[in-house]
Structure formats: C-alpha cells, structure tokens
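A quick write-up on the structure given underneath.
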Protein chains: 2
Amino acid sequence: MATRKVAARYDAALEPTGINVAQYAMLRAIERRQPVSLTELGRALDLDRSTMGRNIRVVEKLGLVATGRGDDQRESVVRLTDHGATVLRKAGPLWEGCQTDIEARIGAERLQALADINTLL
Amino acid sequence: MATRKVAARYDAALEPTGINVAQYAMLRAIERRQPVSLTELGRALDLDRSTMGRNIRVVEKLGLVATGRGDDQRESVVRLTDHGATVLRKAGPLWEGCQTDIEARIGAERLQALADINTLL
DNA sequence: ACATGAAGCGTGTATATACCCCTATCTCCG
DNA sequence: CGGAGATAGGGGTATATACACGCTTCATGT
C-alpha cells in the first residue's frame with residue numbers, strides 16, 4: 001500500500017514528461033550503462049527478463065530508446081535516443097522535487113529505510 | 001524495487017496456501033469488515049474500485065469469497081466462504097513467520113518505517 | 001567439427017493496478 | 001412525483017510484473 005502511494009506521487013510529478021516513475025528508473029539505468037542488454041538491465045533493476053523486454057517495448061514505442069542486436073547475436077542491446085536523453089533531463093528536477101516533498105512528509109530516516117531495505121533484502 | 005523484493009518473500013512464504021500476499025491482505029480486510037462492498041474495500045486498501053472488482057473476481061474463482069447484491073442494489077457485497085476462512089487461518093502463521101524473518105534481516109525500525117509511510121502519505 | 005549444455009530473448013498466460021467511460025441505482029429537492 | 005446529481009459497478013485499455021516454455025545463438029570439451 002505504501003509503495004502504491006509513493007509511486008503515485010512520483011507518477012504525478014513526472015506527468016509533464018509523459019513517463020512514469022518505473023520508466024524513469026529504467027531510463028536512468030540505461031543512461032548509466034548504455035549500450036546495455038536486457039538481461040543486464042534486468043539484473044540491475046531486479047526484474048524478470050521478460051518483464052524488461054515488455055517494458056522496453058513501451059519506451060521504444062515512445063521513441064525514448066532504440067534497440068538493436070549486439071555483437072553477441074542473442075543479445076538485444078538498448079540505448080537512449082536523443083529524445084530519451086531530453087526527456088530524462090526534463091524529468092530529473094521533477095523527480096528530485098517529488099523526492100524532497102516526500103522526505104518533508106515522512107522524514108529522511110524513513111526514506112533512507114527504503115533504500116536500506118533494497119540493499120538488505 | 002524494495003517492494004518487489006518484500007512482496008516476493010511473502011509470496012514465497014504463502015505459497016503452500018495458494019494465495020499471494022496481495023490476496024492475503026485483501027482476505028484479511030474482508031474478514032474484518034464482512035459483509036463489505038467493493039468501494040468500501042477499495043477505500044480500506046487504497047485501491048481503485050475497478051481493481052478491487054477484478055481482484056475479487058480472482059479469489060472468488062478460487063472459492064475463497066462469495067459475492068452478492070446488497071440492500072443497496074448497486075452494491076456488490078463480499079464475504080469470506082468457509083474455505084476462505086480456512087485458508088486465512090492456514091496463512092496467518094506463514095505470514096507472521098515471513099514477517100519475523102524480514103524483521104530479523106532489516107531491523108524492526110525499517111519495518112516500522114513502511115507502516116509509518118503508509119500513514120503519513 | 002560437432003554435439004551438448006548454457007545463455008539470451010520472445011511469447012503465452014495470469015495477476016495487480018489505474019484511468020476513463022457507461023449503465024444502473026439511489027437520493028434529494030422543487 | 002419526477003428529474004438532477006451523486007454513487008456503485010463493470011468493461012475497455014494500458015502498464016508492470018512473474019513464471020513456464022520454446023527458439024536461437026554461443027561456448028566448450030572431445
């Protein structure tokens with residue numbers, strides 16, 4: 001329930017960019033690793049491979065990322081498009097603003113607890 | 001990401017009962033309020049009405065709850081079946097065991113932080 | 001060189017979730 | 001009493017997510 005509320009707030013904050021918080025996280029992960037395979041992305045975001053594939057398809061349709069084959073012909077490699085990079089730049093401050101709002105509401109310790117849980121589990 | 005990990009643990013713990021943690025939470029909410037309308041349940045669990053309807057349909061197919069019309073003919077009222085109550089009794093200790101495991105891993109404060117976030121947001 | 005097993009993806013299926021729109025029902029006021 | 005507005009659900013559509021299965025490609029040992 002807590003996650004739904006948190007996610008809804010980020011989604012609302014990112015609304016002007018046309019992406020949601022899951023997509024934002026995915027684009028950020030791609031940005032730092034590109035070019036990157038689906039499997040590698042899935043590991044980074046702790047998502048099932050098949051989920052990655054479908055999620056990437058969505059942002060690809062939006063023109064935010066481009067996919068191709070890697071040197072290893074089995075791999076599907078993903079990279080940001082110029083448009084994707086632009087959207088990410090626009091989304092950054094919105095995301096941070098939301099983060100600040102949430103922190104003001106729940107306190108820095110509780111926000112940190114979420115990051116800790118991710119590490120500890 | 002943290003939520004996915006937490007949910008996956010509870011789902012694994014509840015596996016012997018055939019229900020997942022979202023369904024467990026829903027059945028618990030029904031147990032405490034039955035007979036209860038979809039809208040009321042949705043408010044309790046902070047879920048969209050349409051989501052409630054679809055989720056209820058799943059547990060209804062499993063024979064865990066029964067639905068009918070209320071005095072207000074618009075309302076769909078839900079109550080646990082005997083089977084649903086049995087499954088819930090079986091699930092309780094599994095859920096608690098998982099909760100204890102998680103607390104041992106992340107610490108009571110961080111676990112409490114999740115409940116707090118839910119209240120504060 | 002090739003058979004075998006491993007790795008990477010895609011698809012099918014199922015649940016969870018939200019938003020929008022439509023219909024049915026209820027309430028309340030003039 | 002009858003219409004206006006509010007409320008309850010249901011269905012369509014879209015995203016996010018997981019698991020099982022099957023196909024393709026790669027790597028490795030003999």
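Here is the naming used below: chain letters follow the sequence lines, and residue numbers restart at 1 for every chain.
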Residues, nucleotides or ligands: over 12 heavy atoms within 6.0 Å of B:Arg4 CZ: yes

Closest to the B:Ala22 side chain, choosing from C:dT17, C:dC19, C:dG8: C:dT17

Whole-Å distance separating the CG atom of B:Leu41 from the C1' atom of C:dT17: 16 Å

Pairwise 5' ranking along DNA chain D for B:Arg54 and B:Arg49, keeping only the more 5' one: B:Arg49

Which residue lies more 5' along DNA chain C, comparing B:Ser50 with B:Asp72 via nearest heavy atoms: B:Ser50

Length of the line joining A:Asn20:CG and C:dA18:P, which is rounded to integer Å: 13 Å

Separation of C:dC19 P from A:Glu15 CD (nearest whole Å): 11 Å

Interface limits on DNA chain D, where chain B has a heavy atom under 4.0 Å of a nucleotide atom: D:dA6 to D:dA18

Any donor-acceptor N/O pair, B:Glu60 side chain to B:Ala66 backbone, under 3.5 Å: no

Flag, side chain of A:Thr81 to backbone of A:Gly63, donor-acceptor distance under 3.5 Å: yes

Sugar-phosphate, base or nothing in reach of A:Arg4, heavy atoms under 4.0 Å: sugar-phosphate

Polar pair under 3.5 Å, donor/acceptor by atom type, side chain A:Ser37, base C:dC9: no

Contact check, side chains of A:Thr3 and A:Leu114, non-hydrogen atoms, under 4.5 Å: no

Integer-rounded Å distance: C:dC26 C1' and B:Gln73 CD: 11 Å

Sugar-phosphate only, base, or nothing, as touched by A:Asp11 at under 4.0 Å among non-hydrogen atoms: nothing

A:Val65 backbone acceptor or donor facing A:Arg79 side chain under 3.5 Å: no

Any donor-acceptor pair under 3.5 Å from B:Arg33 side chain to B:Ala29 backbone: yes

Sugar-phosphate, base or nothing in reach of B:Thr51, heavy atoms under 4.0 Å: base

Nearest-Å distance for atom pair CG/P, residues B:Asn55 and C:dA14: 16 Å

Pair of N/O donor and acceptor under 3.5 Å linking C:dA24 base with B:Arg74 side chain: no

Spacing of A:Ile56 atom CD1 relative to C:dC9 atom P, expressed in whole Å: 11 Å

Qualifying residue for salt bridge (charged side-chain N to carboxylate O under 4.0 Å, His left out) with B:Asp116, from A:Arg105, A:Lys5, A:Arg110: A:Arg110

Sugar-phosphate only, base, or nothing, as touched by B:Thr39 at under 4.0 Å among non-hydrogen atoms: sugar-phosphate

